[in-house]
Enquirer: 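Got a structure for you, questions after.
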Amino acid sequence: KLYKISVKQEDLRLQNVLQAGQAFRWIWDDKNHWYMTSMIILGYETYGIIIVKQEDSCDYIEFGFQHPKWELQKVEEHLKQYFRLEVDLNTHQDLWKSTDPNLKNISPQGIRILFQEPWETLISFICSSNNNINRITKMCHNLTSHFGDKIGTFEDTTFYSFPTSEQIVERATEEELREFGFGYRAKYIIETAKLM
């Protein structure tokens with residue numbers, strides 16, 4: 001079942017936010033759904049699957065979730081926080097309006113800075129060094145599928161948790177990460193995990 005959060009497309013456009021190089025674990029399907037695992041739902045310590053969707057010309061996003069204990073209200077609160085919906089882009093035009101005359105008509109096009117889990121963000125940043133969005137996305141999916149925990153299956157796709165620093169130290173080696181395409185970044189991921 002899908003639920004709704006009211007938000008205009010000029011304030012949040014999923015396609016522009018989830019493909020902009022901030023988050024790398026969202027999976028898009030041909031039905032215009034985005035899927036991801038998340039564990040920072042308020043009050044819960046376990047991962048579940050989150051689905052978000054946005055149709056053209058709709059003043060809302062739709063969302064659903066797959067987890068035996070998650071409550072609707074907390075998932076909705078999580079998504080509002082994740083997409084930073086408390087920030088009114090029209091009220092805070094100083095966040096995106098430029099004084100440069102060549103850029104004065106720029107608009108945010110529904111793009112927001114996501115409120116993401118710090119550990120995953122740090123590892124994604126390491127993966128982004130001298131890299132492009134497609135390869136970073138592949139690296140993040142390799143990390144989850146090889147070193148995270150299996151969460152469940154939805155729409156014929158298997159979802160995994162993002163591995164903690166402890167799981168990376170216990171389950172991964174620099175050599176394995178290099179085999180999965182991390183190159184010189186493998187060393188930095190292992191060493192960062194050991195420091196956490």
Side-chain angles (χ1 to χ4, degrees), residues 1-44 47-67 70-125 127-128 131-137 140-141 144 151 154-155 157 159 161-162:
K1 182 174 180 179
L2 294 178
Y3 307 91
K4 293 180 181 177
I5 297 175
S6 295
V7 59
K8 294 180 180 178
Q9 291 210 8
E10 58 262 31
D11 292 327
L12 173 62
R13 191 161 180 84
L14 292 180
Q15 182 177 358
N16 292 351
V17 173
L18 301 180
Q19 291 183 321
Q22 291 185 69
F24 302 98
R25 290 198 306 117
W26 286 97
I27 299 170
W28 182 82
D29 72 9
D30 57 6
K31 298 180 219 167
N32 206 27
H33 292 89
W34 297 86
Y35 306 98
M36 181 182 173
T37 58
S38 177
M39 75 173 284
I40 54 172
I41 300 293
L42 302 171
Y44 301 103
Y47 278 90
I49 300 169
I50 290 182
I51 303 103
V52 292
K53 178 180 181 179
Q54 185 177 43
E55 298 288 352
D56 289 337
S57 305
C58 290
D59 288 340
Y60 57 83
I61 62 169
E62 294 177 280
F63 73 96
F65 56 93
Q66 183 176 297
H67 188 283
W70 284 0
E71 296 172 12
L72 172 61
Q73 181 181 359
K74 290 190 176 182
V75 176
E76 182 176 348
E77 288 173 17
H78 167 75
L79 287 172
K80 287 179 177 178
Q81 181 184 45
Y82 180 80
F83 290 117
R84 306 285 305 273
L85 294 183
E86 78 280 3
V87 177
D88 182 342
L89 297 182
N90 291 315
T91 302
H92 297 286
Q93 291 186 11
D94 55 310
L95 294 174
W96 53 272
K97 279 291 187 186
S98 174
T99 56
D100 184 324
N102 297 316
L103 302 174
K104 69 179 182 177
N105 293 322
I106 195 170
S107 71
Q109 300 176 324
I111 298 174
R112 294 175 166 272
I113 297 173
L114 299 173
F115 185 79
Q116 299 186 85
E117 197 276 321
W119 167 247
E120 183 174 340
T121 303
L122 175 60
I123 295 303
S124 298
F125 182 76
C127 292
S128 73
N131 221 338
N132 62 51
I133 291 174
N134 288 337
R135 288 193 62 216
I136 302 163
T137 299
C140 289
H141 285 287
T144 60
I151 301 304
F154 187 80
E155 296 286 327
T157 300
F159 291 85
S161 64
F162 194 85

Enquirer: For the backbone of Glu62 and the side chain of Glu55, can you confirm whether one donor and one acceptor N or O come within less than 3.5 Å of each other?
Expert: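 No, Glu55 side chain to Glu62 backbone: no donor-acceptor pair under 3.5 Å.
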Enquirer: For the atom pair CZ (Phe159) and CD1 (Ile151), what is the distance rounded to the nearest 0.5 Å?
Expert: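 The CZ atom of Phe159 sits 10.5 Å away from the CD1 atom of Ile151.
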Enquirer: Please determine which of Val75, Leu79, Ile50 meets the side-chain contact (heavy atoms from CB on, under 4.5 Å) test together with Ser38.
Expert: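 For Ser38, the side-chain contact (heavy atoms from CB on, under 4.5 Å) check succeeds only for Ile50.
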Enquirer: Looking only at heavy atoms, which two atoms of Phe24 and Cys140 are closest? And how far apart?
Expert: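 Phe24 and Cys140 have their closest heavy atoms at CB-SG, 3.8 Å.
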Enquirer: With heavy-atom distances below 4.5 Å as the criterion, would you say the side chains of Leu14 and Leu12 are in contact?
Expert: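 Sidechains of Leu12 and Leu14: in contact.
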Enquirer: So, for Ala23 and Leu114, which heavy atoms are closest and what is the spacing to 0.1 Å?
Expert: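 Of all heavy-atom pairs spanning Ala23 and Leu114, the closest is CB-CD1, 3.8 Å.
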Enquirer: To the nearest 0.5 Å, what is the distance between NE2 (His67) and OH (Tyr44)?
Expert: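 Going from NE2 on His67 over to OH on Tyr44, the span is 8.0 Å.
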Enquirer: Verify the distance criterion only: is there a donor paired with an acceptor across the side chains of Gln81 and Glu77 at less than 3.5 Å?
Expert: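 Gln81 vs Glu77: no donor-acceptor pair found between side chains.
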Enquirer: Can you name the closest pair of heavy atoms from Leu2 and Lys53 and give their distance?
Expert: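 Residues Leu2 and Lys53, closest heavy atoms: CD1-CD, 4.3 Å.
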Enquirer: To the nearest 0.5 angstrom, please state how far the NZ atom of Lys74 sits from the CD1 atom of Ile41.
Expert: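 Output value for this atom pair is 10.0 Å.
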Enquirer: Would you call Phe63 and Leu72 a side-chain contact if the rule is heavy atoms closer than 4.5 Å?
Expert: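 Yes, side chains in contact.
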Enquirer: Tell me every residue that passes side-chain contact (heavy atoms from CB on, under 4.5 Å) with Thr121, counting only those two or more places apart in sequence or in another chain.
Expert: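 Result, side-chain contact (heavy atoms from CB on, under 4.5 Å) vs Thr121: Gln116.
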Enquirer: Output yes when a side-chain donor or acceptor of Asp11 lies under 3.5 Å from a complementary backbone atom of Val7, and no otherwise.
Expert: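 Side chain of Asp11 to backbone of Val7: no pair is present.
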Enquirer: To the nearest 0.5 Å, what is the distance between OG (Ser6) and CG (Leu85)?
Expert: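 Here the rounded value is 10.5 Å.
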Enquirer: So which atom in Ile111 and which in Val17 form the shortest heavy-atom distance, rounded to 0.1 Å?
Expert: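 Looking at all heavy atoms of both residues, the closest pair is CA-CG2, 3.7 Å.
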Enquirer: Any heavy-atom pair between the side chains of Ile5 and Glu76 that's under 4.5 Å?
Expert: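 With C-beta onward as the side chain, the pair touches.
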Enquirer: Using only atom types and a distance under 3.5 Å, with no angle test, would you say the side chain of Glu117 pairs donor to acceptor with the backbone of Trp119?
Expert: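 Checked: pair present.
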Enquirer: For the CD atom of Gln15 and the CH2 atom of Trp26, what is their distance to the nearest 0.5 Å?
Expert: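 Going from CD on Gln15 over to CH2 on Trp26, the span is 14.5 Å.
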Enquirer: Provide the closest heavy-atom pair for Arg84 versus Ile113 in the form atom of the first, atom of the second, distance.
Expert: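 In this case the closest contact between Arg84 and Ile113 is CG-O, 2.9 Å.
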Enquirer: Using ring pair (Phe, Tyr, Trp, His ring centres under 6.0 Å) as the criterion, list what pairs up with Phe65, not counting sequence neighbours.
Expert: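 Expected list: none.
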Enquirer: Go through the steps to decide whether Ile61 and Phe83 satisfy the test side chain to side chain contact (heavy atoms under 4.5 Å, CB included), and finish with yes or no.
Expert: CA-CA 11 Å; Ile61 62 169; Phe83 290 117; 4.2 Å; yes
Enquirer: Can you tell me how far apart OG1 (Thr144) and OH (Tyr47) are? Round to the nearest 0.5 Å.
Expert: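 It comes to 9.0 Å.
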Enquirer: His141 and Arg25: which non-hydrogen atoms are nearest, and at how many Å?
Expert: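 Minimum heavy-atom contact is CE1-O, 3.5 Å.
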Enquirer: Just to verify, what does Phe154 make a ring pair (Phe, Tyr, Trp, His ring centres under 6.0 Å) with, not counting sequence neighbours?
Expert: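 If we apply the ring pair (Phe, Tyr, Trp, His ring centres under 6.0 Å) test to Phe154, skipping adjacent residues, the hits are Tyr35.
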Enquirer: Just wondering, more than 12 heavy atoms not from Tyr3 lying within 6.0 Å of its OH?
Expert: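 Yes, OH of Tyr3 has more than 12 neighbouring heavy atoms, counting only those of other groups under 6.0 Å.
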